[in-house]
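Below you'll find the structure, written out as structure tokens, and then a few comments.
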Amino acid sequence: MDLLHAMGPDTVVITSSDLPPRLGDRFLVSLGSQRHVRPDGSRTTQRVRIEVPKVDAVFVGTGDLFAAMLLAWTHHYPNDLKTACEKTFSVMHHVIQRTISYAHELAGPGRRPSPPQLELRMIQSKADIEDPAIVTEATVIS
């Protein structure tokens, strides 16, 4: 993350890493880092760690949704990467869970959903996008 900060961006989020998850192999470790300039001119960095459940499906558009949500939530919480990440990852959770439920319903019992059936349920997730219940908590690591 420091290498990416050195290239210019003040906020860096890595959505999946090779780090071992504390919660077990059914989770991915995500990391975030945000630099701030204090009123006195000194710099500080907030780093967070988030463990998110793996999902056995392939979706189109999750990267775009993640980027849009991170931009929106860091705008709402410009000095609180922990909250911005919790909101972002929670939106992702709600949209993906709604999408998976719908896709399995369409596919039928014992059948794997097709890519068109796994199209993200964005409109149906409007309330969760606007104000997600927090289901994924971040840990401040520095």
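- Salt-bridge formation is detected for the pair Asp2/Arg47: a Lys NZ or Arg NE/NH1/NH2 atom is positioned less than 4.0 Å from an Asp or Glu carboxylate oxygen.
- The line from CG of Leu106 to OH of Tyr102 is 4.0 Å long, rounded to the nearest 0.5 Å.
- Remark: the backbone N or O of Leu71 is paired with a side-chain donor or acceptor of Thr74 at under 3.5 angstrom.
- Other members of the hydrophobic cluster containing Met7, listed by chain and number, are Met1, Leu4, Val12, Ile14, Leu19, Val29, Leu31, Ile141; membership follows side-chain contacts under 4.5 Å among ILVMFWY residues, whether direct or relayed.
- The environment of CD in Glu137 is sparse: at most 12 heavy-atom neighbours from other residues, nucleotides or ligands sit within 6.0 Å.
- Separation of atoms CE (Met69) and SG (Cys85) is listed at 13.5 Å; rounding is to 0.5 Å.
- Taking Ile, Leu, Val, Met, Phe, Trp and Tyr as members and joining any whose side-chain heavy atoms lie under 4.5 Å apart, directly or through other members, Leu3 forms no hydrophobic cluster with any other residue.
- Within 6.0 Å of the CG atom in Asp40, the count of heavy atoms belonging to other residues, nucleotides or ligands exceeds 12.
- Using a cut-off of 4.0 Å between Lys/Arg side-chain N and Asp/Glu carboxylate O, Asp25 and Lys54 are scored as not salt-bridged.
- Nearest heavy atom pair, residue His36 against residue Pro78, reads CE1-O, 3.3 Å.
- In this structure a side-chain-to-backbone donor-acceptor pair under 3.5 Å is present from Thr99 to Val95.
- Using modelled atom types, one side-chain atom of Glu51 and one backbone atom of Leu23 make a donor-acceptor pair closer than 3.5 Å.
- Looking at Ile50, Val48, Thr136, Ile134 one by one, the single match for side-chain contact (heavy atoms from CB on, under 4.5 Å) with Glu86 turns out to be Ile134.
- The ring-ring contact (aromatic ring centres under 6.0 Å, His included) test applied to His76 returns Trp73, not counting sequence neighbours.
- Scanning all heavy atoms of the two residues, the minimum distance from Arg49 to Pro20 falls at NH2-O, 3.1 Å.
- Remark: Arg35 pairs with His5, Asp10, Arg43, Thr45 by the side chain to side chain contact (heavy atoms under 4.5 Å, CB included) rule, at least two apart or across chains.
- Checked against ring-ring contact (aromatic ring centres under 6.0 Å, His included), Phe59 has no partners two or more places apart in sequence or in another chain.
- Both Phe89 and Val55 belong to a single network of hydrophobic side chains, linked directly or stepwise wherever heavy atoms of I, L, V, M, F, W or Y lie under 4.5 Å apart.
- Here CZ of Phe66 is found 6.5 Å from OG of Ser30. Values are rounded to the nearest 0.5 Å.
- Of the listed residues (Asp128, Val52, Val135), just one forms a side-chain contact (heavy atoms from CB on, under 4.5 Å) with Ser90, and that residue is Val135.
- Taken to the nearest 0.5 Å, the OG atom of Ser42 stands 4.0 Å off from the CZ atom of Arg38.
- Here the side chain of His94 pairs no donor or acceptor atom with the backbone of Ile129 at under 3.5 angstrom.
- The pair Arg112-Asp56 meets the salt-bridge criterion, since a charged nitrogen lies less than 4.0 angstrom from a carboxylate oxygen.
- For Glu119, there are no side chain to side chain contact (heavy atoms under 4.5 Å, CB included) partners two or more places apart in sequence or in a different chain.
- One distance of note links OG of Ser125 with CG of Leu120; it measures 8.0 Å at 0.5 Å rounding.
- Checked by atom type, the side-chain pair Gln117/Ser114 shows a donor-acceptor distance below 3.5 Å.
- Although no hydrogens or angles enter the test, the distance criterion places a donor-acceptor pair under 3.5 Å between the side chain of Gln46 and the main chain of Leu81.
- Between Leu118 and Pro113, the shortest heavy-atom contact is CG-CB, 4.0 Å.
- In terms of heavy-atom proximity, Arg111 sits nearest to His104 at O-ND1, 4.3 Å.
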